[in-house]
Amino acid sequence: MAELAQVVVDVPTMQTNQPYTYQVPEALEQKLQVGMRVVVPFGNGHRQVQGFVVGFTDASDYGGKLKPIQAVMDLQPVMDAEMLALSKWLADTTYSFWIACLYTMLPNLLKGKTHRVVRVVDELPEQDYFDLFAGRDTRDYADFADDPTAVSRLLKLKRAGKIRIDYQVENRARAKTVMGITPLLSFEELEEARTSLHPNAHAQNRLLSYLQSIGGQTVVQKKAERVAQLSAATFNQGAKKGWLKKVPVEVYRRPQSQAALPDDHHLQPALKLNHDQQVAVDQINAAVKDQQAATFLLQGVTGSGKTEVYLQSIAQALAQGRTALMLVPEISLTPQIVNRVRRRFGSQVAVLHSGLSNGEQFDEWRRIERGAAKVVVGARSAVFAPLKNLGLIILDEEHESSYKQDEAPRYHAREVAKWRGRYHQAPVVLGSATPSLESRARALKGVYRFLGLPHRVNKQPLPPIQVVDMRPEIKQRGESNFSRPLLQAVSDRITRGEQSILMLNRRGFSSFMMCRDCGTVLKCPNCDISLTLHMDTRTMKCHYCGHEEPIPQVCPNCHSRRIRYYGTGTEKVEQELRQLMPQARIIRMDVDTTRRKGMHEKLLKQFGDHQADILLGTQMIAKGLDFPNVTLVGVLNADTGLGLPDFRASERTFDLLSQVSGRAGRADKQGQVIIQTFNPDHYAIRDAQANDYDRFFFQEMNLRHQASYPPYYYTVRLMASHPEEAVAARAMAHIKEKLHQRLAPQTIILGPTPRAIARMKRRYYYQIVIKYKRDPALHATLEEILQETQSKGFKDVQVSIDPDPQYFM
DNA sequence: GCTCAGGCGATT
DNA sequence: ATCGCCTGAGCG
C-alpha cells in the first residue's frame with residue numbers, strides 16, 4: 001500500500017531540510033520508485049520544484065491536506081538504495097542539506113531548471129499589455145528579471161489577479177541522439193524489391209544489399225553511409241519506398257581525448273611485478289576475494305610502481321566479476337595516469353572529472369550506471385560513481401587536500417570511499433609517497449594495513465637534492481628569484497638539449513600594489529585582502545569576490561607616482577628569466593595561462609614535444625607529470641607556505657618538495673633538484689632533502705602531540721559571518737558559550753577569532769576551532785547551534801561548519 | 001527559496 | 001483610506 005511518497009524538495013534551507021509527504025496519483029503508481037526525481041507543488045502560489053522520492057509510506061501524521069506529485073522526471077531511479085543511504089550519511093556528517101548532498105552525488109544535468117512563466121489571465125490595461133507582453137499571452141519571467149520597473153509592474157498586475165506566474169521544472173537530462181536506420185523488410189522482401197529496380201539504379205541496389213547484410217539491426221546512418229558507400233539521399237529514397245525507417249539512436253557523448261585511444265584488442269599487458277609489488281597485490285586481492293572492508297595504506301617512494309599495483313588489483317577485482325573505482329587528485333592534471341588505466345582496461349573505463357561538459361559528464365555517468373563501464377577513474381566527486389558491486393576503491397595521492405571539498409557539503413573523498421568500502425565489503429587502498437599524518441598514524445596503530453614499496457622499480461637512486469640558502473644570495477646580488485647555482489644548472493640543461501621544470505610556490509602569496517612613499521596597499525573594496533596584479537588583462541583582481549579595477553597610476557592615498565607592484569607572481573618570474581636567459585624557450589603554466597579548456601593538456605604536450613626548454617609554473621606542475629627529458633627541477637621559493645598560520649604548513653611543504661623532486665630524471669638520465677629557501681635548516685626542508693619521510697613524520701607527530709592537533713585530536717571549524725562585524729562577533733561569543741556548556745571538559749575550544757581574511761564579499765567572518773578526541777555531545781550540539789541560529793536573535797548571521805578542515809585561514 | 005499575511009509608516 | 005515595504009511563518 002504505497003500510496004504516499006516522501007520527497008526531499010529542492011529548497012535548500014534549514015527549515016525545509018526534511019522529506020515532505022505527497023500523494024501518488026493513480027496514474028503514477030506503477031511508474032514511481034524510490035530514488036526517482038519528481039516535480040511537486042511546494043508552498044503557495046503556482047510554485048513547483050524538483051524533488052527526490054526517498055521513501056514510501058501509507059500514513060502521514062501531517063495535519064494538513066496532502067498535495068499530489070505532479071510528474072515523474074525519470075524512467076529509472078537515479079539513486080539506488082546505497083546512494084540514498086550515503087546521501088543521508090553525508091548530510092549528517094557534514095552538517096549539510098540533504099538536497100545539496102543528493103545533487104552533489106549526481107551529474108549536473110540531473111538538477112532541473114525552474115522557469116517562471118508569466119501568463120495573462122484577464123484583460124490588461126492597453127499600456128501594460130503592449131509594454132510588457134508585446135501582444136503575446138505568455139512571457140518568460142527571466143526576460144524581466146533585470147528590469148526593476150517591469151518587475152514591480154508585473155507584481156502589481158499579479159496582485160490585481162490580471163496575470164499569473166507559473167513554474168515549470170525543466171528536465172535537462174536528455175540523451176543525445178543521432179539518426180539511425182532500421183530495415184523494415186525481411187531478406188526475401190528486400191530481394192523482391194530488387195527485381196523491380198531500374199537497371200541503372202546502382203545506388204539503390206547497393207542499399208538493398210546493405211539492408212540485407214545488417215539483418216534487421218538498427219545502424220547509425222552516418223556509419224551506414226560510410227560502410228555502404230552511399231549518400232544520405234539514397235537512404236531517404238529507401239525510407240520513402242518503405243524499405244527502411246529512420247529512428248533516433250541514443251549515443252554517449254564521449255570526451256574528445258578518448259577518441260585517440262587504441263581499441264580493446266590492443267590493450268597493454270600487465271607489467272612484471274617486483275617482490276614488494278607482488279606482496280601488495282596479493283594482500284589486496286585476498287581482501288577483494290574475501291570481501292573484507294579493510295583499508296590499506298600503500299606507501300611507495302616515487303617511481304616504486306604504485307600504479308601497476310593499482311592496475312593489477314583492479315584487474316583482479318574485474319576477474320571476480322566486480323567493479324573498481326580509482327580516484328586521483330585532479331584528473332586534468334594527470335592525463336598520463338588516466339591514459340594508463342585506459343590503455344590497460346579499454347572501453348570499460350569511464351572517466352569523470354571537472355573538465356567534462358555537462359553532457360559528457362551525464363553520459364559517462366549513464367555508462368557507469370548501466371554497467372557498461374566497470375572501472376571508473378576520476379577526481380573527488382567520482383567517489384559517488386554509481387558502480388554496482390564495487391570490489392575495490394583506490395585513492396591515489398591520498399594526502400592531497402583536494403580530496404576535501406571546500407564548499408558545502410564539505411566531504412572528504414577518503415571518508416566517503418571508506419563508507420562505500422564498508423557498504424560493499426570491499427577494500428580501500430590509500431596510496432601515497434608521503435601519506436597524510438592521519439593515515440600513516442592509523443597504519444602504525446593497525447587501523448589500516450600497511451603495504452610498503454620502498455624501492456624504485458628501475459633501481460635508480462632518487463635525484464640528489466641541493467638546498468640553496470637564498471639569504472647570502474640576496475645579500476650579494478640584490479633581489480632576484482634566481483640563485484647562481486640554479487641559473488648555472490638551467491643553462492647547462494639548455495646546452496645539453498635537456499629540459500627543466502621551475503616551480504614557484506604560490507601558496508599564500510600574490511603580487512600586490514604598494515605605494516613606496518606611504519606604504520598603502522591596494523585593497524578590494526568588498527574584502528579585506530589586497531588585490532592581485534594580472535598582467536594579461538592589465539587589471540587588479542580580487543581573488544575572493546572577483547572584483548576588478550584598472551592598475552592605478554598614482555597612489556589613491558598620497559597621490560604619489562611611486563606605486564609599484566610587490567611580490568612574486570609567475571609572470572614577473574618569467575620576465576626576469578627572459579632577461580637573464582634571452583635564448584631560453586619558456587612555457588608558463590598557471591591559473592591564467594590554463595584557464596581555457598584544454599590549455600593544460602596543450603601546454604604539457606608542447607613541453608613534452610620539447611618545444612620549450614623550461615616549464616615555469618605553480619604547484620599545478622608538481623603532480624603526476626613524467627617527462628623523460630627533464631633532468632632539472634628547481635623550486636624557487638620552498639618556504640612561502642611555512643609561515644602560514646596553519647598547523648599543516650610543514651606537512652604541505654614537505655609533501656610539495658618530495659613530490660616535485662620525483663619529477664626529475666625518471667628515465668635513463670640522471671636528474672637533479674635545486675631548492676631555494678630562506679629557511680635551509682627547517683626540518684620540512686631538511687627531511688625532504690634527505691628523502692626521509694619517517695624522520696619528518698616522527699618530528700611532526702611530536703609537534704602535533706604537543707599542540708593537540710590531528711592525528712591526536714579531531715578538529716571542527718565553525719564560521720559565522722554578518723555584514724556588521726559586531727553582530728558576527730556577538731553571535732560567535734554566544735556560540736562559544738553554548739559549546740562550553742555542552743561539550744566534554746577535555747574538548748578544546750579555540751576562538752572566536754576573526755578569520756585571516758576577516759572580511760569577504762562585504763561580510764565579516766569569525767571562526768571557532770574545536771579540538772576533540774571523543775565527544776559524544778558534539779554532533780547534537782552543533783546541530784542545535786545550526787537550528788538556533790535560524791531564529792530571530794541571529795538575523796542575517798550565516799553559520800557554517802567544516803568537519804576536519806584542511807585549511808585554517 | 002518564495003509567497004503571503006500582518007504590521008507599520010508614508011502618501012494622497 | 002491606500003500604497004509600499006519589511007518581517008516572519010510555513011511550505012506536505
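Every chain is numbered from 1 and lettered A, B, ... according to where its sequence line falls, protein lines coming before strand lines. FYI, side chains are in, hydrogens and waters are out, and symmetry mates aren't considered; it's all heavy atoms of this structure.
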Using the test salt bridge (charged side-chain N to carboxylate O under 4.0 Å, His left out), find all partners of [X] that sit at least two apart in sequence or belong to another chain.
| X | value |
| --- | --- |
| A:E415 | A:K418 |
| A:R414 | A:E398 |
| A:R174 | A:E170 |

Residues within residues 34-50 of chain A bordering DNA chain C, heavy-atom distance below 4.0 Å: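 Contacting residues: A:F42, A:G43.
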Could I get the full list of ring-ring contact (aromatic ring centres under 6.0 Å, His included) partners for [X], not counting sequence neighbours?
| X | answer |
| --- | --- |
| A:Y766 | none |
| A:H734 | A:F794 |
| A:Y423 | A:W419 |

Sugar-phosphate, base or nothing in reach of A:Q15, heavy atoms under 4.0 Å: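 Here A:Q15 touches the bases of the nucleic acid.
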Sugar-phosphate only, base, or nothing, as touched by A:F97 at under 4.0 Å among non-hydrogen atoms: nothing
Pairs under 3.5 Å (N/O, protein and nucleotides 5-12 of chain B):
none

Sequence neighbours excluded, every pair satisfying ring-ring contact (aromatic ring centres under 6.0 Å, His included) that has a member inside residues 111-139 of chain A: none
Could you tabulate the donor-acceptor pairs under 3.5 Å formed by side-chain atoms of residues 35-48 of chain A, not counting sequence neighbours?
{"residue": "A:R37", "atom": "NE", "partner": "A:D74", "partner atom": "OD1", "Å": "3.2"}
{"residue": "A:R37", "atom": "NE", "partner": "A:D74", "partner atom": "OD2", "Å": "2.9"}
{"residue": "A:R37", "atom": "NH1", "partner": "A:L110", "partner atom": "O", "Å": "2.7"}
{"residue": "A:R37", "atom": "NH2", "partner": "A:D74", "partner atom": "OD1", "Å": "2.8"}
{"residue": "A:R37", "atom": "NH2", "partner": "A:N171", "partner atom": "OD1", "Å": "3.0"}
{"residue": "A:Q48", "atom": "NE2", "partner": "A:Q70", "partner atom": "OE1", "Å": "2.5"}

Whole-Å distance separating the NZ atom of A:K156 from the P atom of B:dT3: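 To the nearest whole Å, that distance equals 18 Å.
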Interatomic distance where CD1 belongs to A:I165 and C1' belongs to B:dC4 [whole Å]: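 Interatomic distance, CD1 of A:I165 to C1' of B:dC4: 13 Å.
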Pairing of A:D10 and A:K111 as salt bridge, 4.0 angstrom limit: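 Between A:K111 and A:D10 there is a salt bridge, with a charged N closer than 4.0 Å to a carboxylate O.
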Listed once per pair and sorted, the salt bridge (charged side-chain N to carboxylate O under 4.0 Å, His left out) pairs that draw on residues 93-103 of chain A, sequence neighbours left out: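 Every pair satisfying salt bridge (charged side-chain N to carboxylate O under 4.0 Å, His left out) with a residue in residues 93-103 of chain A: there are none.
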Boundaries of the chain A footprint along DNA chain C (any atom under 4.0 Å from a heavy atom):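 Footprint of chain A along DNA chain C, 5' to 3': C:dG4 to C:dG12.
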